[in-house]
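Contents: one structure, followed by commentary.
This structure is a prediction, so every number in the text was calculated from the model and none was measured. Hydrogens, waters and symmetry mates play no part in the numbers below; they use all other heavy atoms, side chains included.
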There are 2 protein chains.
Amino acid sequence: MKQAHEVFMDYLRDNGLSMTPQRAMIVDAFLSEEGHFTSEELFTKVRQRDPAIGLATVYRTLKLLTDSGLADAFDPGDGVSLYEHNYGHEHHDHLICIVCNRKVEIMDAEIEERQRQLARENGFELQNHRMLLYGICPECDEKGGH
Amino acid sequence: MKQAHEVFMDYLRDNGLSMTPQRAMIVDAFLSEEGHFTSEELFTKVRQRDPAIGLATVYRTLKLLTDSGLADAFDPGDGVSLYEHNYGHEHHDHLICIVCNRKVEIMDAEIEERQRQLARENGFELQNHRMLLYGICPECDEKGGH
DNA sequence: GAAATATTGATTCTCAATTTCAATAAATAT
DNA sequence: ATATTTATTGAAATTGAGAATCAATATTTC
Ligand SMILES: [Mn+2]
Ligand SMILES: [Mn+2]
Ligand SMILES: [Zn+2]
Ligand SMILES: [Zn+2]
């Protein structure tokens, strides 16, 4: 399996884009992040390494990361996109606690199959999907329901 | 089954709110709409009947409609909420054409059951969910892929 | 009725994300 | 290498849906 950096370099080359110090640093910062994070959170980490880098460049590079397949973005429902690593990660959906905002990664082969079937039944060529389950996590249920 | 108007009236009463000419008209306009529509589209229809009604009141009433169970809102992915009738309508999710934006209502009991199971497995109390399938509809596939 | 409370429309504000643009950097041609 | 073209950058302005503000009205309660 190719290195994530290499995937990004290939994407740049294939699209006539060039690697720059800013892009290299933002990609590094992205790859060193874990879990789910916002553009602002990544920007904060980027600033720690180089305060000269602008927010616009972070947004632009996040788009490149997404388009190159290194990142995946989704909106958990509040209008603020969350990013996560996508390269070398299996597809999954999210179960979100409406109290503490915790996110659990979920995946169900049967659901995925039924999704394909639903698309097929309607003559659609399925491209992708988003599924978000909202509920109350065990910890919050404990605290809240005494 | 109660009339939609009655459901709204009950909601107002139960929450110490009063019916007003503006609310009555917006609810009427909402109920006479079909399919999936934006706040702007509803606002346009409302203005045709009474140009004095403000956009803020449409937003406020859409919230009442949603909270009372008459309306359901969801974001198809572009950050602009779509509203639809909810009262007397079965729950469903949406299959969306990424080319022409057509929306097909879908529902799969097996998926719904697996969603509950996934929540259960993680100790979550499932409250609700959103599922959006994105693909290319038969018509657009025809046009595009010749 | 009068007083208290709720609702309204216009306007301003919010906030994530995008766009603009002049300056700078990189790639390409000479 | 140097000139020319092209791409990228950061700061700042812009966008757009939706929420908040507020003085003027309308409604409800006393
Ligand atoms: Mn995830
Ligand atoms: Mn629908
Ligand atoms: Zn929780
Ligand atoms: Zn289509």
>> Distance check needed: D:dG18 P versus B:E41 CD, whole Å only.
In response: 12 Å
>> Expressed as a whole number of angstroms, how long is the span from A:F43:CZ to C:dT18:C1'?
In response: 15 Å
>> Expressed as a whole number of angstroms, how long is the span from A:M19:CE to C:dA26:P?
In response: 12 Å
> So, B:R114 and B:Q117: side-chain donor and acceptor under 3.5 Å apart, yes or no?
Replying inline: no
> Relative to the 5' end of DNA chain C, which residue comes earlier, B:G16 or A:E40, by the nucleotide with the nearest heavy atom?
Replying inline: B:G16
> Just how far, in rounded Å, is P of C:dT8 from CD1 of B:I26?
Replying inline: 7 Å
>> Looking at B:M131, is its backbone amide N or carbonyl O close enough to the side chain of B:D93 to form a donor-acceptor pair, meaning the two atoms are under 3.5 Å apart?
In response: yes
>> Rounded at 0.5 Å granularity, tell me how far CZ in A:R60 sits from CG in A:L65.
In response: 14.0 Å
> More 5' along DNA chain D: A:T61 or B:K63, using each one's nearest nucleotide?
Replying inline: A:T61
> Rounding to a whole Å, what distance do you find between B:D75:CG and C:dA17:C1'?
Replying inline: 14 Å
>> Given D:dA11, D:dG18, C:dT8, identify the nucleotide with an atom nearest to the side chain of A:R60.
In response: D:dA11
>> With a 4.0 Å limit, can you tell me whether B:S81 has a side-chain N or O closer than that to the phosphate oxygens OP1/OP2 of D:dG18?
In response: yes
> So, is B:S18 close to the C:dT7 phosphate, meaning a side-chain N or O under 4.0 Å from OP1 or OP2?
Replying inline: yes
> Which part of the nucleic acid, if any, lies within reach of B:P51 when heavy atoms closer than 4.0 Å are counted: base, sugar-phosphate only, or nothing?
Replying inline: nothing
> Taking CE from A:M25 and C1' from D:dT9, how many angstroms apart are they, rounded to a whole number?
Replying inline: 14 Å
>> From CG of A:L55 over to C1' of C:dC15, roughly how many Å is that when rounded to an integer?
In response: 12 Å
>> Just to be sure I understand the rule, does B:S39 reach a base, reach only the sugar-phosphate, or reach nothing, if contact means heavy atoms closer than 4.0 Å?
In response: sugar-phosphate
> With sequence neighbours excluded, what pairs up with A:R47 under the salt bridge (charged side-chain N to carboxylate O under 4.0 Å, His left out) test?
Replying inline: none
> According to a strict under-4.0 Å criterion, is A:Y59 in side-chain N/O contact with OP1 or OP2 of C:dA17?
Replying inline: yes
> Considering only D:dA12, C:dA10, D:dT27, which nucleotide approaches the side chain of A:A56 most closely?
Replying inline: D:dA12
>> Does a side-chain N or O of A:T20 approach OP1 or OP2 of D:dT9 to a distance below 4.0 Å, or not?
In response: yes
> Can you say whether the rings of B:H94 and B:F74 are parallel (under 30°), tilted (30 to 60°) or perpendicular (over 60°)?
Replying inline: parallel
> Can you tell me how far P of D:dT28 sits from CG of B:N15, to the nearest Å?
Replying inline: 15 Å
